[in-house]
Amino acid sequence: MASSAAQRIVIENCAIATVDADDNEYASGHVVIAGNRIESVGAGRAPADLENVVRRIDASGHLATPGLVNTHHHFYQWITRGLATDHNLFNWLVALYPTWARIDEQMCYSAAQGSLGMMARGGVTTAMDHHYVHPHGSGDLSGAIIRAASEMGVRFTLARGSMDRSEKDGGLPPDFAVETLEGALAATEETVRKHHDASFDAMTQVAVAPCSPFSVSTELLRQGADLARRLGVRLHTHGSETVEEEKFCQELFGMGPTDYFESTGWLGEDVWMAHCVHMTDSDIEAFARTRTGVAHCPSSNARLAAGIARVPDMLKAGVPVGLGVDGTASNESGELHTELRNALLINRLGPHREAALTARQALRLGTYGGAQVLGRAEQIGSLEPGKLADLVLWKLDTLAHASIADPVTALVFGAAAPVTASFVNGRQIVEDNRLLTVDEDAIARSTREEAQRLARIAAQG
């Protein structure tokens with residue numbers, strides 16, 4: 001907990017959705033931040049006699065929520081947005097892998113800045129990147145991505161990805177874009193040992209993350225799981241994203257993706273998978289039984305025509321589910337707060353129709369659900385005393401939202417709400433929809449330049 005001498009920030013007069021276990025909400029309440037922790041949350045104004053108050057914020061017209069938690073992304077794709085716009089997943093990968101295989105350290109750094117900046121401006125306080133493309137001689141890509149997150153002040157999980165099944169082995173990526181089994185495992189272990197912080201208020205954590213069943217060998221999955229558990233970190237991969245993946249696994253392994261993952265040690269409470277669109281009842285039961293988490297990416301799934309994930313059924317079964325932007329080559333907006341709305345609307349197109357998700361369930365997916373999936377529900381994901389001070393003030397008194405009485409409904413059903421303030425670890429990183437820690441205009445220039453440089457290199461073959 002924060003010390004009695006900690007400097008305090010008092011936020012008052014706002015609606016509050018705590019997203020705690022009881023879904024406590026206050027029509028007009030206060031949040032007190034002491035150091036990097038939430039000290040108190042409640043109705044009405046904060047106590048007048050608090051010591052060491054360095055700032056008081058009158059948040060009238062705002063909704064305070066936990067910061068959004070992104071559970072799946074590929075930052076490097078920021079510099080390949082707008083390409084292969086009419087492809088399904090496999091054809092999209094085939095079209096883009098030759099370009100992605102030419103990325104380097106400066107490109108990854110710039111793309112990470114762009115991806116992180118767009119999310120942070122939209123209320124993300126904890127980000128995640130699944131980086132699995134490590135071309136030969138491309139530099140320290142993991143270090144570049146982590147540096148971008150640290151400079152922006154966002155809490156961050158790097159899922160150190162890998163691929164060792166290339167075109168010559170029946171996979172999709174070019175041969176020069178993959179690692180050897182031994183090389184991937186060694187580089188992953190080095191990244192964990194160098195960058196992973198297991199402390200309560202960690203700003204950087206690392207997960208072990210072989211890419212997908214169709215780009216990694218069975219041995220990389222098995223040994224990757226062993227490595228993660230030996231080092232005490234989490235595991236992440238793609239799973240059950242498309243019908244083509246189901247066919248691939250049946251033909252190559254004689255079983256569906258979930259059974260294949262279980263056979264390689266890839267189900268468990270320390271595992272989360274992206275997408276999980278094509279899940280049978282038995283698949284969902286297996287995820288619920290093992291507490292395997294899911295990163296739901298509704299916009300990307302729609303963009304690539306992958307299908308509608310069975311999120312209501314997963315939640316009913318007890319599967320931990322969070323939200324993901326996914327890579328911005330399949331979700332060009334790069335924003336997580338729009339995924340609250342898209343998750344709700346797209347799931348209502350499924351068999352549960354209007355009963356699929358509520359506004360508050362969507363908000364929970366984007367906050368506490370994401371914290372569960374990343375293994376950080378004790379520290380973040382809800383506004384409760386003792387938790388880390390990661391929170392957002394959404395402005396809801398403008399033309400876009402003012403006539404919607406319920407603030408959570410306004411946030412989820414309405415237009416993307418402006419972020420007046422976003423705090424991470426008690427430090428403000430966004431004010432009035434602008435980044436405070438970095439120059440976003442400079443980032444825009446850099447990402448444009450790096451996108452053009454990558455396009456030139458790819459065109460030269």
Side-chain angles (χ1 to χ4, degrees), residues 70-101 103 111 114-115 118-119 128-133 159 161 163 165 171-174 177 209-216 236-250 256-258 272-279 283 294-311 314 321-336 338-350 356 365 451 458:
N70 183 41
T71 62
H72 187 66
H73 210 313
H74 308 296
F75 290 175
Y76 74 91
Q77 293 181 12
W78 187 265
I79 56 175
T80 60
R81 294 191 296 166
L83 304 177
T85 55
D86 302 309
H87 293 53
N88 66 22
L89 176 67
F90 274 31
N91 292 334
W92 175 82
L93 290 171
V94 169
L96 292 177
Y97 265 137
T99 298
W100 294 339
I103 60 173
S115 295
M118 201 67 189
M119 285 188 294
M128 173 272 185
D129 184 32
H130 184 192
H131 187 85
Y132 54 85
V133 182
M163 300 185 293
R165 184 194 295 277
L172 294 178
C211 182
S212 65
F214 47 85
S215 60
V216 307
H236 181 61
T237 191
H238 296 88
S240 300
E241 186 173 359
T242 65
V243 292
E244 291 85 3
E245 180 185 333
E246 170 77 24
K247 181 179 178 182
F248 178 92
C249 289
Q250 289 289 352
T258 298
W272 85 103
M273 297 191 196
H275 305 300
C276 299
V277 174
H278 297 277
M279 300 274 281
D283 292 336
V294 171
H296 176 44
C297 305
S299 293
S300 176
N301 294 158
R303 205 290 207 168
L304 295 172
I308 303 172
R310 296 174 59 188
V311 172
M314 294 179 195
V321 182
L323 290 181
V325 170
D326 203 5
T328 47
S330 65
N331 179 3
E332 276 74 5
S333 76
E335 298 176 298
L336 192 68
T338 56
E339 299 303 294
L340 301 174
R341 185 173 191 263
N342 291 344
L344 184 146
L345 297 180
I346 288 175
N347 279 280
R348 288 190 178 189
L349 294 174
L365 289 176

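- Side-chain contact check for L323 versus H296: some heavy-atom pair is nearer than 4.5 Å.
- Here the straight-line distance linking atom CG of L340 with atom OG1 of T338 works out to 8.0 Å at 0.5 Å rounding.
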Steps toward side-chain contact (heavy atoms from CB on, under 4.5 Å) verdict (C211, H238): CA-CA 6 Å; C211 182; H238 296 88; 4.0 Å; yes
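- With R81 contributing its side chain and E332 its backbone, the two residues share a donor-acceptor pair below 3.5 Å.
- Of all non-hydrogen atoms in R303 and L83, the two that sit nearest each other are NH2-O, 3.2 Å.
- Taking all atoms of both residues into account, the shortest heavy-atom contact from V277 to A306 is CG1-O, 3.7 Å.
- When all heavy atoms of V294 and C276 are compared, the pair lying nearest together is CG2-SG, 3.8 Å.
- With hydrogens and angles disregarded, a donor-acceptor distance shorter than 3.5 Å links the side chain of H131 to the backbone of V133.
- A distance of 7.5 Å separates SG of C297 from CG of N70, quoted to the nearest 0.5 Å.
- P210 and T237 get closest at one heavy-atom pair: O-OG1, 2.8 Å.
- Side-chain atoms of F214 and E245, non-hydrogen and from C-beta on, do get closer than 4.5 Å to each other.
- Annotation: the span from I103 atom CD1 to T80 atom OG1 amounts to 9.0 Å, rounded to 0.5 Å.
- By the 4.5 Å heavy-atom criterion applied to side chains, E241 and L304 are counted as neighbours.
- Separation of atoms OG (S299) and CD (E335) is listed at 10.0 Å; rounding is to 0.5 Å.
- Counting heavy atoms from C-beta on, the side chains of N88 and E244 come closer than 4.5 Å.
- Rounding to the nearest 0.5 Å places CG of D283 at 9.0 Å from CE of M314.
- For the residue pair W92 and A84, the shortest heavy atom distance occurs at CD1-O, 3.5 Å.
- Side-chain contact check for E339 versus N331: some heavy-atom pair is nearer than 4.5 Å.
- In this structure, H73 and F75 have perpendicular ring planes: the angle between them is above 60°, well past the 30° mark.
- H74 and H72 have perpendicular rings, their planes meeting at more than 60° on a 0 to 90° scale where under 30° would count as parallel.
- No side-chain donor-acceptor contact under 3.5 Å links T85 to the backbone of G82.
- The minimum heavy-atom distance linking T99 with A458 is given by the pair OG1-CB, 3.7 Å.
- Between the side chain of R165 and the main chain of V216, a donor-acceptor pair closer than 3.5 Å is present.
- When side chains are defined from C-beta on, N301 counts as touching H275, because their heavy atoms get closer than 4.5 Å.
- Taking 4.5 Å as the limit, every side-chain heavy atom of P298 sits out of range of all side-chain heavy atoms of N347.
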